[in-house]
There are 2 protein chains.
Amino acid sequence: MHKGFVLYCLCDVIYDGRAYSTLERGNYLIIYKPDGSLLIHGSSKSTPRNYQSVGSKVDLHFKNGGGGVLVSNNNNETITINIHHVIFIEHLHKWSDNDIIISKTEKELSEKLITNWSKYIKGDFVSITREFKTSLGPVDIVGIEANNTHHVVEVKRRKASISGCTQLKRYIDSLSEHVPVLGYLASPSISATAFEYLKKLNFTWIEIGFD
Amino acid sequence: MHKGFVLYCLCDVIYDGRAYSTLERGNYLIIYKPDGSLLIHGSSKSTPRNYQSVGSKVDLHFKNGGGGVLVSNNNNETITINIHHVIFIEHLHKWSDNDIIISKTEKELSEKLITNWSKYIKGDFVSITREFKTSLGPVDIVGIEANNTHHVVEVKRRKASISGCTQLKRYIDSLSEHVPVLGYLASPSISATAFEYLKKLNFTWIEIGFD
DNA sequence: ATATGTATCTCGCTC
DNA sequence: GAGCGAGGTACATAT
């Protein structure tokens, strides 16, 4: 199947793979993209009822009488759509493939923190590194002082929650075996419980946002 | 706007809200649902280029000459679609709103572990509780022995990674202040680094899957 | 409304 | 390909 299409039809759906699900007979909107993506949308919610990711193989087969079957296969994931009645099908010619250009990301926030480092963290720094590698994963930013103290910063672009503290603690645990460390969580805001936990761990919260 | 529709058109898109993004002029598929969901799909990937969640207010306005503007507003999130040329628009009548019925979820795995508890964990248990509350969030399962030892189990329905270990450690840290604890991570499989970290933390991996 | 975790997460990046 | 984390995550649930 070369071109994408959008199909509105009366159908029911069975999915089997990582999980198993059924969708009872009804009118659903089905979108197929040339890269193999398949989406089945109901009349509410922005996430599809069923879906298949890039790379799936689709076989659409119409029978005499208006019905048909669409089978999508991707590794061990299968979606079977029993089509009872086609309401419309439109093929999508010259469908564009551009990506959005986005800003206000976590990366931007990290860069802002590094650019204005001395405004947020005091010390005699020898280096400041983004995506600093540890044995338990990369840290957003690590600043190293002349006395080898590592200032470890986890950056969140949204309100920080308890899982952000946990993530920071993991990096600190990894590094503190070898070097002196200080921990920071940088975000526009932070939940009350996360802030309590952070204090308990002797880490510092840095307030930073997009102006 | 009462009914949903699917619109294929030449347009460009600007989003402003939590982040900011632009999508250059091209042919995109736009889906609008009666609950306010709005999706803008390009010809690849299963996720939309831009979207608006449930509850947004849409204003679609066509001009003489075939062009138009669609503006979607939701709290402080705005999508503006400049429509240069409509290729087709279809309104979706009697669009179904059923949910899928799903199985093979994490909840099912937890229930399987509880049902066959003695096959996985040895001890003289007084209680086994799902969604056991701690000060740092609920644990999937906690089994308590007569001697008050708490067996703390974090369940993952897929291959466990290092973040699952971190999550378990947080619960253990919370409970170990008050009671003796033992930690377990239960999943169908586990990554090598996660397994190493788990051993280091003196926790136990339980292999459990969907038959 | 806030907080927390799951997801058939998806996607991108690094090793 | 595996592993890890971001995401305008969305979504359900509990408080």
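Reminder, nothing fancy here: chain letters follow the sequence lines and each chain counts from 1.
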A.B. asks: Taking CD from B/E131 and P from C/dG5, how many angstroms apart are they, rounded to a whole number?
C.D. replies: 10 Å
A.B. asks: Taking atom C1' in both D/dC11 and D/dG7, what distance in whole Å separates the two?
C.D. replies: 14 Å
A.B. asks: Is the shortest side-chain N/O distance from A/K156 to OP1 or OP2 of D/dA6 below 4.0 Å?
C.D. replies: yes
A.B. asks: If you pin B/V54 and A/P138 to their nearest nucleotides in DNA chain D, which one's is more 5'?
C.D. replies: A/P138
A.B. asks: Does B/D97 come within less than 4.0 Å of B/K33, counting only side-chain N to carboxylate O?
C.D. replies: no
A.B. asks: Can you see if the side chain of A/Y171 gets near the phosphate of D/dC4 - specifically, an N or O under 4.0 Å from OP1 or OP2?
C.D. replies: no
A.B. asks: If you look at every strand shown and take non-hydrogen atoms under 4.0 Å, does A/K104 touch a base, only sugar-phosphate, or nothing?
C.D. replies: nothing
A.B. asks: Taking the nucleotide of DNA chain C with the closest heavy atom to each, which residue, B/I100 or A/S191, is nearer the 5' end?
C.D. replies: A/S191
A.B. asks: Using a distance-only test with no angle check, is there a side-chain donor-acceptor pair under 3.5 angstrom linking A/N98 and B/Y28?
C.D. replies: yes
A.B. asks: Determine the contact category for B/A192: base if any of its heavy atoms lies under 4.0 Å from a base atom, sugar-phosphate if only primed atoms, P, OP1 or OP2 are that close, otherwise nothing.
C.D. replies: sugar-phosphate
A.B. asks: Please give, in whole Å, the distance from D/dA14 C1' to A/I162 CD1?
C.D. replies: 15 Å
A.B. asks: Take atom CG of B/L136 and atom C1' of D/dA14, then tell me their distance rounded to the nearest Å.
C.D. replies: 16 Å
A.B. asks: Write down the distance between CG (B/D35) and C1' (D/dA10), rounded to a whole number of angstrom.
C.D. replies: 12 Å
A.B. asks: For A/Q167 and D/dA6, is the shortest distance between a side-chain N/O and OP1 or OP2 below 4.0 Å?
C.D. replies: yes
A.B. asks: Round to the nearest Å and state the distance from B/L109 atom CG to C/dG5 atom P.
C.D. replies: 19 Å
A.B. asks: Report which part of the nucleic acid A/Y20 touches: base, sugar-phosphate, or nothing (heavy-atom distance under 4.0 Å, all strands).
C.D. replies: nothing
A.B. asks: Considering just the side-chain nitrogens and oxygens of A/S46, establish if one lies under 4.0 Å of OP1 or OP2 belonging to D/dA10.
C.D. replies: no
A.B. asks: Side chain of B/R18 only, please: which of C/dC15, D/dA10, D/dC4 is the nearest?
C.D. replies: D/dA10
A.B. asks: On DNA chain D, check which nucleotide each of B/T193 and A/S44 is closest to and give me the residue with the more 5' one.
C.D. replies: B/T193
A.B. asks: Does B/R170 reach a base, just sugar-phosphate, or nothing at all? Heavy atoms under 4.0 Å.
C.D. replies: sugar-phosphate
A.B. asks: Using a distance-only test with no angle check, is there a side-chain donor-acceptor pair under 3.5 angstrom linking B/K156 and B/Q167?
C.D. replies: yes
A.B. asks: Using a 4.0 Å heavy-atom cut-off, does B/Y197 contact any base of the nucleic acid, only the sugar-phosphate backbone, or nothing at all?
C.D. replies: nothing
A.B. asks: How about NZ on A/K107, more than 12 heavy atoms from neighbouring residues, nucleotides or ligands closer than 6.0 Å, or not?
C.D. replies: no
A.B. asks: Report the C-alpha separation of A/V179 and A/V181 in whole Å, then their side-chain angles, then the decisive distance to 0.1 Å, and conclude whether the side chain to side chain contact (heavy atoms under 4.5 Å, CB included) test is met.
C.D. replies: CA-CA 6 Å; A/V179 293; A/V181 289; 4.0 Å; yes
A.B. asks: Taking the side chain of B/K159 as its heavy atoms from C-beta onward, which of D/dG8, D/dA2, C/dT6 lies nearest to it?
C.D. replies: D/dA2
A.B. asks: Check every strand shown and say whether B/K107 touches a base, only sugar-phosphate, or nothing at a heavy-atom separation below 4.0 Å.
C.D. replies: nothing
A.B. asks: From CD of A/E77 over to C1' of C/dT8, roughly how many Å is that when rounded to an integer?
C.D. replies: 5 Å
A.B. asks: If you measure only the distance, is there a donor-acceptor pair under 3.5 Å linking the side chains of A/H85 and A/N27?
C.D. replies: no
A.B. asks: Using a heavy-atom cut-off of under 4.0 Å over every strand shown, decide if B/I190 touches base, sugar-phosphate, or nothing.
C.D. replies: nothing
A.B. asks: Given the structure, check if the side chain of B/Q52 and the base of D/dG8 hold any donor-acceptor pair shorter than 3.5 Å.
C.D. replies: yes
A.B. asks: Identify which nucleotide among C/dT10, D/dA14, C/dA7 has an atom closest to any side-chain atom of B/T105, counting heavy atoms from C-beta outward.
C.D. replies: C/dA7
A.B. asks: Counting the atoms with a prime plus P, OP1 and OP2 as sugar-phosphate, which does B/S21 contact under 4.0 Å by heavy atoms, base, sugar-phosphate, or nothing?
C.D. replies: nothing
A.B. asks: Between C/dT10, C/dT4, C/dG5, which nucleotide gets closest to the side-chain atoms of A/S53?
C.D. replies: C/dT10
A.B. asks: Return the value, rounded to whole Å, for the distance between atom CG of B/N74 and atom P of D/dC11.
C.D. replies: 11 Å
A.B. asks: Any luck finding a side-chain donor-acceptor pair between A/S43 and B/D35 under 3.5 Å?
C.D. replies: no
A.B. asks: Can you tell which of D/dG8, D/dG5, C/dT6 lies closest to the side chain of B/E154?
C.D. replies: C/dT6
A.B. asks: Determine: side-chain N/O of B/Y51 to OP1/OP2 of D/dA10, distance under 4.0 Å, yes or no.
C.D. replies: yes
A.B. asks: Measure the distance from CZ on A/R49 to C1' on C/dA7 and round it to the nearest whole Å.
C.D. replies: 16 Å
A.B. asks: Would you indicate what A/K45 reaches in the nucleic acid, counting non-hydrogen atoms under 4.0 angstrom: base, sugar-phosphate, or nothing?
C.D. replies: sugar-phosphate
